[in-house]
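Notes follow the structure.
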Amino acid sequence: MEKEETAKMTVTGATNNIPVTETWMRKHRLLYDGATRHPFILSIRQGSVDFSSFKRWLVIGQDYIFVRSFVPFVASVLMKSCKESSVESDMEVILGGMASLADEINWFKKEASKYHVSLTSVVPQNANVTYCRFLESLTGQEIEYPVAITAFWAIESVYQQSFAHCLEEGGRVPQELQETCERWGNEGFGAYCNSLRDIVDRSLQKASAEVVSKAEVCFLSVVEHEVEFWNMSTGDA
Ligand SMILES: Cc1ncc(CO)c(N)n1
């Protein structure tokens, strides 16, 4: 009897300790899936996407522009982690993310020349401009570290889970998009996203209720921007 009660206590304790990111995922599942299971992503998974010049321009040209705005944002998160985080490994995780962005920029250049997309003449679409502005608004010193790291985690995770879904069993990813899916959908990138998630959960544990709610709003904004990003694929954004 006593033993049983102890077990119950443990279960209750564990329930109260659900990481914040997990509570958000449960609460906002539909919205989140709207990004990671976007019709454009599903069409890649099903192999029905037509990787015409327009789609190439989106996946390579528009995302190249996005990533160029993403770098200064990540730099601002790195600065905040140096000043505000007491955990040394935060810097290393974020620095690893920066390194993979350097690699991504080179990859975009390689893909662009393969498909004859001119990166210097790509005009950013409205949804992309809005997303990049949002990133810029998060670089200021007044933005708390837990809020900024939440945005960083959400941006990387949505991408990782979208492309990982394409690669799951039963998918028929076209040959020319296989490398794209592997770039973001691979397990190593997944582990990196989990490290970011752990930083978010840890930093939010110590944060005020106000900062936690700001972070949640920021998480939702990222997911909405990601949906809008893929909505560009219909060409009428
Ligand atoms: C739109 C978008 N979101 C997230 C990532 C992740 O790096 C990316 N490259 N592009």
Side-chain angles (χ1 to χ4, degrees), residues 31-44 49 54-78 93-112 117 119 122-139 148-167 177 179-197 199-200 218-234 237:
L31 182 68
Y32 192 81
D33 287 353
T36 60
R37 305 286 191 268
H38 187 282
F40 182 65
I41 293 294
L42 295 180
S43 76
I44 294 174
V49 66
F54 170 72
K55 308 280 159 129
R56 283 179 204 144
W57 164 87
L58 174 66
V59 172
I60 302 163
Q62 292 296 319
D63 206 35
Y64 172 74
I65 290 173
F66 173 83
V67 168
R68 291 203 71 96
S69 297
F70 194 36
V71 172
F73 164 71
V74 179
S76 78
V77 182
L78 184 66
V93 174
I94 301 163
L95 196 56
M98 288 282 255
S100 70
L101 288 173
D103 196 51
E104 256 169 52
I105 287 179
N106 285 326
W107 180 81
F108 282 120
K109 288 187 174 161
K110 192 191 82 187
E111 289 293 287
V117 175
L119 291 177
V122 174
V123 179
Q125 290 283 96
N126 282 339
N128 203 4
V129 172
T130 311
Y131 199 177
C132 292
R133 271 200 207 119
F134 168 73
L135 287 181
E136 206 188 332
S137 77
L138 293 174
T139 59
I149 194 83
T150 292
F152 187 24
W153 157 72
I155 292 166
E156 296 288 48
S157 282
V158 166
Y159 234 58
Q160 199 278 332
Q161 292 185 2
S162 303
F163 288 112
H165 178 59
C166 294
L167 297 173
L177 279 161
E179 206 181 294
T180 307
C181 294
E182 280 165 10
R183 164 159 287 280
W184 287 283
N186 76 73
E187 273 178 32
F189 202 78
Y192 153 69
C193 290
N194 289 341
S195 305
L196 286 176
R197 190 198 56 208
I199 298 176
V200 171
C218 190
F219 165 71
L220 292 174
S221 298
V222 166
V223 179
E224 280 163 8
H225 282 298
E226 288 288 333
V227 171
E228 291 298 331
F229 190 88
W230 290 132
N231 281 349
M232 291 194 293
S233 65
T234 58

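Just so you know, ligand 1 is whichever comes first in the structure, and atom 1 is the first atom listed for that ligand. Nothing here was measured: the structure is a model prediction, and the numbers come from that model.
A salt bridge links E179 to K110: at least one charged side-chain nitrogen sits closer than 4.0 Å to a carboxylate oxygen.
Nearest non-hydrogen protein atom to atom 2 (C) of ligand 1 is Y159 CE1, 3.2 Å. Looking from atom 9 (N) of ligand 1 to the surrounding protein, the closest heavy atom is D63 OD2, 3.0 Å.
Below 3.5 Å of separation, one finds an N or O of E156 facing an N or O of ligand 1.
Side chain to side chain, W57 and Q125 fail the donor-acceptor criterion of an N or O pair below 3.5 Å.
Here the side chain of E136 pairs no donor or acceptor atom with the backbone of Y131 at under 3.5 angstrom. In terms of modelled atom types and a separation under 3.5 Å, the side chain of T139 and the main chain of L135 share no donor-acceptor contact.
Against a heavy-atom cut-off of under 4.0 Å, V67 is close to the following atoms of ligand 1: 9 (N). Atoms of ligand 1 lying under 4.0 Å from at least one heavy atom of W184, given by number and element, are 7 (O), 9 (N). The distance from ligand 1 to the heavy atoms of E226 drops below 4.0 Å at these ligand atoms: 1 (C), 2 (C), 3 (N), 4 (C). Ligand 1 places these atoms under 4.0 Å from at least one heavy atom of F229: 1 (C).
Scored by the ring-ring contact (aromatic ring centres under 6.0 Å, His included) test, F219 finds W24, W153 as partners (sequence neighbours excluded).
Atom OG1 of residue T180 and atom CG of residue D63 lie 9.5 Å apart, to the nearest 0.5 angstrom.
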